> 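This structure is in structure tokens; I'll ask about it shortly.
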Amino acid sequence: MAELMVRDGTWTFDGDVVRIVPGRERGVHKLRQDLGEFTVPLAALAGIAHEPGRKGGRLRLRLRDGADPLLQVTGGGLPDEANPYRLTVDTGRVDVAEYFVDAVRQALMLEQIPDGPAGHYLLPGPSVPLSAAGVDGVATFDGERVHLEWRWNTSETKRDWGPRNFALNELEAVEWRAAAGLESGYLRFRTRGATERLKPENDPNSIELWGFKKESGTTALLAAAVAARLPHPSAGPGKSLPAAAPPTPLAPAAPLAPTAPLPSAAAAAEDHDALLRRLRELGELRRDGILTEEEFTATKAAVLRRFHT
């Protein structure tokens with residue numbers, strides 16, 4: 001196991017997943033703290049690098065395109081300090097950082113993980129419910145529906161529409177863009193069949209964003225949570241949304257037995273999404289003391305074996 005613990009956070013690699021825990025220091029971006037602890041399966045990684053600097057440098061994970069809904073929906077628009085896959089390395093921890101890089105690279109090589117695009121999300125996205133505020137409105141998402149409420153300063157066009165509600169099966173995509181220069185950013189919910197693109201200040205399906213304040217980073221998390229529950233971009237336009245079933249509660253003492261591979265690509269993608277949710281549930285059960293360390297290790301190993309079937 002390799003572990004790098006610095007003021008900016010802690011990264012741990014056990015050969016199968018990278019566990020990321022953001023720091024709680026004042027300088028750690030709020031988006032990273034709001035996202036919280038999460039794990040990245042080895043299958044989602046395209047590479048890792050240590051970027052040397054005068055004060056230790058940075059450690060940076062590179063994910064496969066399409067593996068993470070947060071990176072997918074923000075399209076590289078997150079500021080560096082808000083990127084959860086970047087870790088500032090203290091001067092005295094450079095040797096540990098380089099060891100960490102070597103451990104991950106060796107695992108990628110041994111497991112022959114492809115670095116090409118992923119055909120489905122390999123991370124589950126941020127937890128819900130979520131609420132995020134922009135300049136002229138507030139969006140909430142409970143995992144099934146999006147609700148928009150307008151603020152006092154919203155445009156008359158939006159105010160005339162009133163509050164907005166969208167079920168997941170009404171949405172084709174969610175779009176997030178940071179402000180650039182004098183052009184506003186936006187959090188937009190694109191409904192099925194919609195072709196007209198209005199400016200964010202007049203679009204009743206959009207919340208306007210100015211700049212990237214620490215408080216507004218939650219809009220990117222909300223966008224990612226919605227995107228994770230919509231068809232993957234690789235499915236192409238016009239695909240219907242699969243029915244979303246709530247996760248099945250996990251029995252604490254029953255290790256998961258490996259099963260035969262699912263026959264179709266769509267079923268395989270669905271199975272992988274379920275496995276990722278199960279990994280997250282396992283971590284929560286261990287933290288809550290429901291699973292012992294031995295039960296957690298055995299059950300996690302069974303889940304991770306299925307990623308390669």
Side-chain angles (χ1 to χ4, degrees), residues 1-23 28-29 31-32 35-53 55-72 74 76 78 80-126 224 272-273 275-280 282-283 286 293 296-297 299-309:
M1 176 178 289
E3 182 176 64
L4 177 60
M5 184 182 299
V6 292
R7 288 172 295 178
D8 200 28
T10 301
W11 286 11
T12 308
F13 179 59
D14 64 1
D16 296 305
V17 299
V18 176
R19 176 171 168 261
I20 294 178
V21 182
V28 178
H29 199 283
L31 182 150
R32 293 172 55 202
L35 181 58
E37 176 185 338
F38 66 101
T39 58
V40 184
L42 189 66
L45 295 181
I48 184 172
H50 174 234
E51 303 168 349
K55 297 183 178 180
R58 298 171 181 168
L59 204 61
R60 192 184 298 271
L61 283 178
R62 182 168 62 88
L63 270 66
R64 296 169 60 192
D65 289 342
D68 176 30
L70 177 61
L71 295 183
Q72 180 72 30
T74 55
L78 289 178
D80 224 21
E81 63 272 15
N83 188 337
Y85 302 108
R86 162 196 173 277
L87 187 71
T88 300
V89 179
D90 301 335
T91 305
R93 307 293 286 171
V94 171
D95 290 346
V96 180
E98 291 175 346
Y99 172 78
F100 193 98
V101 168
D102 288 342
V104 174
R105 284 179 176 170
Q106 184 177 22
L108 288 171
M109 181 180 64
L110 290 174
E111 296 294 332
Q112 297 184 339
I113 303 297
D115 60 1
H120 57 277
Y121 291 124
L122 298 172
L123 280 84
H272 275 238
D273 291 341
L275 294 177
L276 287 166
R277 287 194 297 270
R278 189 60 60 89
L279 280 175
R280 193 177 192 125
L282 283 173
R286 180 181 64 169
E293 189 65 33
F296 169 78
T297 301
T299 309
K300 185 190 75 170
V303 173
L304 290 171
R305 281 197 297 271
R306 293 188 59 191
F307 275 107
H308 304 291
T309 61

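Fair warning: this is a prediction, and the values are worked out from it, not measured in the lab. Below, all heavy atoms of this structure are taken into account, side chains as well, without hydrogens, waters or symmetry copies.
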> Would you check, one step at a time, whether the test side-chain contact (heavy atoms from CB on, under 4.5 Å) holds for L35 with I20?
CA-CA 10 Å; L35 181 58; I20 294 178; over 6 Å; no
> Do you know the tightest heavy-atom contact between P126 and A224?
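Nearest heavy atoms, P126 then A224: CD-CB, 3.7 Å.
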> Mind checking salt bridge (charged side-chain N to carboxylate O under 4.0 Å, His left out) for D68 and listing every partner two or more places apart, or none if nothing turns up?
none
> Under the side chain to side chain donor-acceptor pair (under 3.5 Å) test, which residues partner T10, sequence neighbours left out?
none
> Is I48 close to V18 at the side-chain level, that is, under 4.5 Å between some pair of heavy atoms?
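V18 does not reach I48 side chain to side chain.
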> Kindly give the heavy-atom pair with the smallest separation between G125 and P69, and that separation in Å.
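Shortest heavy-atom separation between G125 and P69 comes out as CA-CG, 3.7 Å.
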> When rounded to the nearest 0.5 angstrom, what is the spacing between CG in N83 and CG in L31?
9.0 Å
> Excluding sequence neighbours, so at least two apart, what forms side chain to side chain donor-acceptor pair (under 3.5 Å) with R58?
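Expected list: D80.
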> Side chain to side chain donor-acceptor pair (under 3.5 Å) with Q106: which residues, sequence neighbours excluded?
none
> Taking all atoms of both residues into account, what is the closest heavy-atom pair of P41 and L123, and its distance?
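Minimum heavy-atom separation between P41 and L123: CD-CD1, 4.2 Å.
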> Considering non-hydrogen atoms only, spot the tightest contact between L108 and L45 and give its length.
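Shortest heavy-atom separation between L108 and L45 comes out as CD2-O, 3.8 Å.
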> If you measure from CG on D16 to CD on E111, what distance do you get to the nearest 0.5 Å?
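Atom-to-atom, D16:CG and E111:CD are 7.5 Å apart.
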> Give every donor-acceptor pair under 3.5 Å between a side-chain atom in residues 87-102 and any protein atom, sequence neighbours left out.
unit_1: D90; atom_1: OD1; unit_2: R7; atom_2: NH2; d: 3.4
unit_1: T91; atom_1: OG1; unit_2: K55; atom_2: O; d: 3.3

> To the nearest 0.5 angstrom, please state how far the CZ atom of R86 sits from the CG atom of L59.
11.0 Å
> Let me confirm one number: the CG-OH distance from L70 to Y85, rounded to the nearest 0.5 Å.
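Those atoms lie 6.5 Å apart.
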> For the CG atom of D65 and the CZ atom of R62, what is their distance to the nearest 0.5 Å?
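The CZ atom of R62 is 8.5 Å from CG of D65, to the nearest 0.5 Å.
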> Mind checking what makes side-chain contact (heavy atoms from CB on, under 4.5 Å) contact with A107, not counting sequence neighbours?
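Partners of A107 by the side-chain contact (heavy atoms from CB on, under 4.5 Å) criterion, ordered by chain and then number, come out as F13, L42.
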> Quick one: list whatever passes side-chain contact (heavy atoms from CB on, under 4.5 Å) with A118, sequence neighbours left out.
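Counting only residues at least two positions away or on another chain, A118 forms a side-chain contact (heavy atoms from CB on, under 4.5 Å) with R64, A67, L122.
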> Considering residues at least two apart in sequence or located in another chain, which fulfil the side-chain contact (heavy atoms from CB on, under 4.5 Å) criterion with M1?
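M1 satisfies side-chain contact (heavy atoms from CB on, under 4.5 Å) with T12, D14 once adjacent residues are dropped.
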> Measure across H50 and G57 and return the closest heavy-atom pair with its distance rounded to 0.1 Å.
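Closest approach of H50 to G57, heavy atoms only: NE2-CA, 4.4 Å.
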> Please find the pair of heavy atoms, one from Y121 and one from G66, that lie closest to each other, and give the distance.
CD2-O, 3.3 Å
